[in-house]
Amino acid sequence: MFDLVALGELLIDFTYHGRSENGMRLFEQNPGGAPANVLCAASNLGLSTSFIGKVGKDMHGDYLRRVLEEKGVDTGGLISAEDVFTTLAFVELSETGERKFSFARRPGADTCLSACEVKRELTEGCRIFHFGSLSLTDEPSRSATVEAVKAAKKAGAILSYDPNYRAPLWKSEDEAAGIMQSVLPFADIVKISDEEVGLITGESSPEAAAGYLFQKGISCAVVTLGSNGAYAAVKGASVLVPVPDVPVVDTTGAGDAFWGGFLYKLAVSGLRPGELGEAQLRDFTGFANAVASLCVQKRGGIPAMPTIDMVRDFLTEKKMPVNKPGA
């Protein structure tokens, strides 16, 4: 049984990287995709992980498969298709490291995953099943995601959901909100960014957003707040944990690094989201902040994910509580 299985997009982030001698913009090939980022972060920290998704049988898809395997992520559920091209995302960075996206995905391989291609032994053989919203933008991947979520839920897995909003991939904001909200009742634990609070919950504050999510049956709600840290809550307990001040090079994958760190702590605790108390919320969120803080100091998503030793050293350096060995 895997500690963590994720379904969704695996793609290339072509990240802006200066200009050539002729003055033309250069883009650096970086492996990415939110669910894959989360898995690589968790794998680096020590969890057993497996990915479910689809890439093209092309140079980019072959490269992405190698990257996952090098990171220790099982690729038994990754389909390489002859008839579709691996999804590409072009990422432009501002001076502060913030991103602007342009996608080559009409269709991209990740949207073409069908329900019959999802290995049931993976959805039914994991402790935590994680999914996002990009696999919900189009069919057949939308139906494949919902069926996989239902199978994992029935098998007793903890359901983790990150409604990762990317405006260019939806027909409208209303459509995005409706579809992303439709799967909330399946989730046990949800992570949203401060920019997504209004879209997903209709609220304006992390506290009110958590209340909305609790009404949907979710046990634990986490809101990432960028440089202001992260808010985590269960019914009866909540924490706001600041993030260390670090130099920011690239925010690509920061939220995924955070979530990989949080799910790592959840997995090794042996607890379900509803069993967490204030102490665990503070510990898990502080650890996740450290993982994200290390990620933003390097370029790219997957290549920037830190190891468990790097995180422990960082926590010690910043005089933050260090998790016990093996935890």
Side-chain angles (χ1 to χ4, degrees), residues 1-8 34-35 38-39 41-42 45-49 123-133 145 148-164 180-194 196-197 200-201 203 206-225 229-241 255-289 291-292 323 327:
M1 175 175 286
F2 288 99
D3 294 320
L4 176 62
V5 170
L7 179 151
V38 170
L39 284 183
L45 297 172
L47 295 190
S48 59
T49 61
T123 58
E124 298 171 3
C126 60
R127 296 169 65 192
I128 303 174
F129 182 83
H130 174 70
F131 68 107
S133 64
T145 302
V149 164
K150 290 180 178 178
K153 188 80 170 180
K154 185 176 180 181
I158 296 170
L159 270 291
S160 162
Y161 177 41
D162 177 7
N164 187 27
M180 288 192 290
Q181 291 167 356
S182 70
V183 294
L184 286 173
F186 295 110
D188 297 298
I189 181 168
V190 171
K191 191 273 288 183
I192 57 177
S193 72
D194 51 351
E196 295 158 347
V197 164
I200 303 301
T201 70
E203 303 290 349
E207 295 82 2
Y212 172 90
L213 294 173
F214 294 154
Q215 291 175 3
K216 294 293 182 179
I218 289 149
S219 301
C220 179
V222 182
V223 182
T224 55
L225 304 168
Y231 172 85
V234 294
K235 289 183 179 178
S238 65
V239 297
L240 176 61
V241 182
D256 304 323
F258 174 94
W259 203 230
F262 198 100
L263 294 181
Y264 162 78
K265 293 291 286 186
L266 178 65
V268 299
S269 75
L271 300 173
R272 294 188 70 88
E275 298 171 334
L276 301 179
E278 183 178 338
Q280 287 93 1
L281 290 176
R282 190 171 301 281
D283 176 35
F284 292 11
T285 306
F287 182 87
N289 278 343
V291 179
N323 59 315

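Every heavy atom of this structure was used, including side-chain atoms; hydrogens, water molecules and symmetry mates were not.
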K.L.:
Do Thr123 and Val5 have side chains that approach each other closer than 4.5 Å (heavy atoms only, starting at C-beta)?
P.N.:
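No, their side chains stay 4.5 Å or more apart.
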
K.L.:
What is the distance from atom CD of Gln181 to atom NZ of Lys216, rounded to the nearest 0.5 Å?
P.N.:
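Gln181 CD to Lys216 NZ: 6.5 Å, rounded to 0.5 Å.
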
K.L.:
Considering residues at least two apart in sequence or located in another chain, which fulfil the side-chain hydrogen bond (donor to acceptor under 3.5 Å, both in side chains) criterion with Glu124?
P.N.:
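Residues passing side-chain hydrogen bond (donor to acceptor under 3.5 Å, both in side chains) with Glu124: Arg120.
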
K.L.:
Between Val183 and Thr145, is any pair of side-chain heavy atoms under 4.5 Å apart?
P.N.:
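Heavy-atom side-chain distance check fails, nothing below 4.5 Å.
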
K.L.:
Run the side chain to side chain contact (heavy atoms under 4.5 Å, CB included) check on Phe262 and Thr285 step by step: do they pass?
P.N.:
CA-CA 6 Å; Phe262 198 100; Thr285 306; 3.5 Å; yes

K.L.:
Quick one, Val268 and Leu47 - any side-chain contact, counting heavy atoms below 4.5 Å?
P.N.:
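Yes. Closest side-chain heavy atoms under 4.5 Å.
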
K.L.:
List for me each residue that meets side-chain hydrogen bond (donor to acceptor under 3.5 Å, both in side chains) alongside Ser160, sequence neighbours excluded, and say none if there are none.
P.N.:
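For Ser160 the side-chain hydrogen bond (donor to acceptor under 3.5 Å, both in side chains) partners, ignoring immediate neighbours, are His130, Trp259.
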
K.L.:
Does any donor atom in the side chain of Ser133 or Asn164 lie under 3.5 Å from an acceptor atom in the other side chain?
P.N.:
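Their side chains do not contain a donor-acceptor pair, so the 3.5 Å distance test is not met.
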
K.L.:
What residues, two or more places apart in sequence or in another chain, satisfy salt bridge (charged side-chain N to carboxylate O under 4.0 Å, His left out) together with Glu278?
P.N.:
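Glu278: salt bridge (charged side-chain N to carboxylate O under 4.0 Å, His left out) contacts with Arg282.
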
K.L.:
Might you point out which heavy atoms bring Ser269 and Leu266 nearest each other, and give the distance in Å?
P.N.:
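Of all heavy-atom pairs spanning Ser269 and Leu266, the closest is OG-O, 2.7 Å.
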
K.L.:
Considering non-hydrogen atoms only, spot the tightest contact between Phe258 and Val222 and give its length.
P.N.:
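Shortest heavy-atom separation between Phe258 and Val222 comes out as CE2-CG1, 3.7 Å.
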
K.L.:
What pair of heavy atoms forms the shortest contact from Ala232 to Leu281, and how long is it?
P.N.:
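In this case the closest contact between Ala232 and Leu281 is O-CD1, 3.8 Å.
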
K.L.:
Can you see which heavy atom on Ile128 is nearest to which on Ala267, and at what distance?
P.N.:
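Residues Ile128 and Ala267, closest heavy atoms: CD1-CB, 4.0 Å.
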
K.L.:
What residues form a side-chain contact (heavy atoms from CB on, under 4.5 Å) with Ala41, not counting sequence neighbours?
P.N.:
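Ala41 satisfies side-chain contact (heavy atoms from CB on, under 4.5 Å) with Met305 only.
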
K.L.:
Please name the pair of heavy atoms, one in Gly8 and one in Pro35, separated by the smallest distance, quoted to 0.1 Å.
P.N.:
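So the two residues come closest at CA-CG, 3.9 Å.
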
K.L.:
Quick one: side-chain contact (heavy atoms from CB on, under 4.5 Å) partners of Ala208, sequence neighbours excluded?
P.N.:
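Result, side-chain contact (heavy atoms from CB on, under 4.5 Å) vs Ala208: Glu203, Ser205.
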
K.L.:
Which pairs of donor and acceptor atoms, one on a side chain in residues 186-194, lie under 3.5 Å apart (sequence neighbours left out)?
P.N.:
{"from": "Asp188", "atom 1": "OD1", "to": "Lys153", "atom 2": "NZ", "distance (Å)": "3.1"}
{"from": "Asp188", "atom 1": "OD2", "to": "Leu159", "atom 2": "N", "distance (Å)": "2.7"}
{"from": "Lys191", "atom 1": "NZ", "to": "Asp162", "atom 2": "OD2", "distance (Å)": "3.3"}
{"from": "Ser193", "atom 1": "OG", "to": "Glu195", "atom 2": "N", "distance (Å)": "3.4"}
{"from": "Ser193", "atom 1": "OG", "to": "Glu196", "atom 2": "N", "distance (Å)": "3.4"}
{"from": "Ser193", "atom 1": "OG", "to": "Glu196", "atom 2": "OE1", "distance (Å)": "3.3"}

K.L.:
Phe131: what forms a ring-ring contact (aromatic ring centres under 6.0 Å, His included) with it, not counting sequence neighbours?
P.N.:
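Checked Phe131 against ring-ring contact (aromatic ring centres under 6.0 Å, His included); matches are Tyr161.
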
K.L.:
Considering residues at least two apart in sequence or located in another chain, which fulfil the side-chain contact (heavy atoms from CB on, under 4.5 Å) criterion with Ala233?
P.N.:
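Testing Ala233 for side-chain contact (heavy atoms from CB on, under 4.5 Å), a comparison that skips the adjacent residues, returns Ala210, Phe214, Tyr231, Ser238.
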
K.L.:
Should Ile200 and Leu184 count as side-chain neighbours, where that means a heavy-atom distance under 4.5 Å?
P.N.:
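The answer is yes, as the side chains (C-beta and beyond) meet within the 4.5 Å cut-off.
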
K.L.:
Any donor-acceptor pair under 3.5 Å linking the side chain of Ser48 with the backbone of Asp3?
P.N.:
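Looks like yes, one N/O pair under 3.5 Å.
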
K.L.:
So which atom in Ala148 and which in Leu7 form the shortest heavy-atom distance, rounded to 0.1 Å?
P.N.:
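Looks like CB-CD1, 3.8 Å.
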
K.L.:
State the SG-CZ distance between Cys220 and Arg272, to the nearest 0.5 angstrom.
P.N.:
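These two atoms lie 12.5 Å from each other.
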
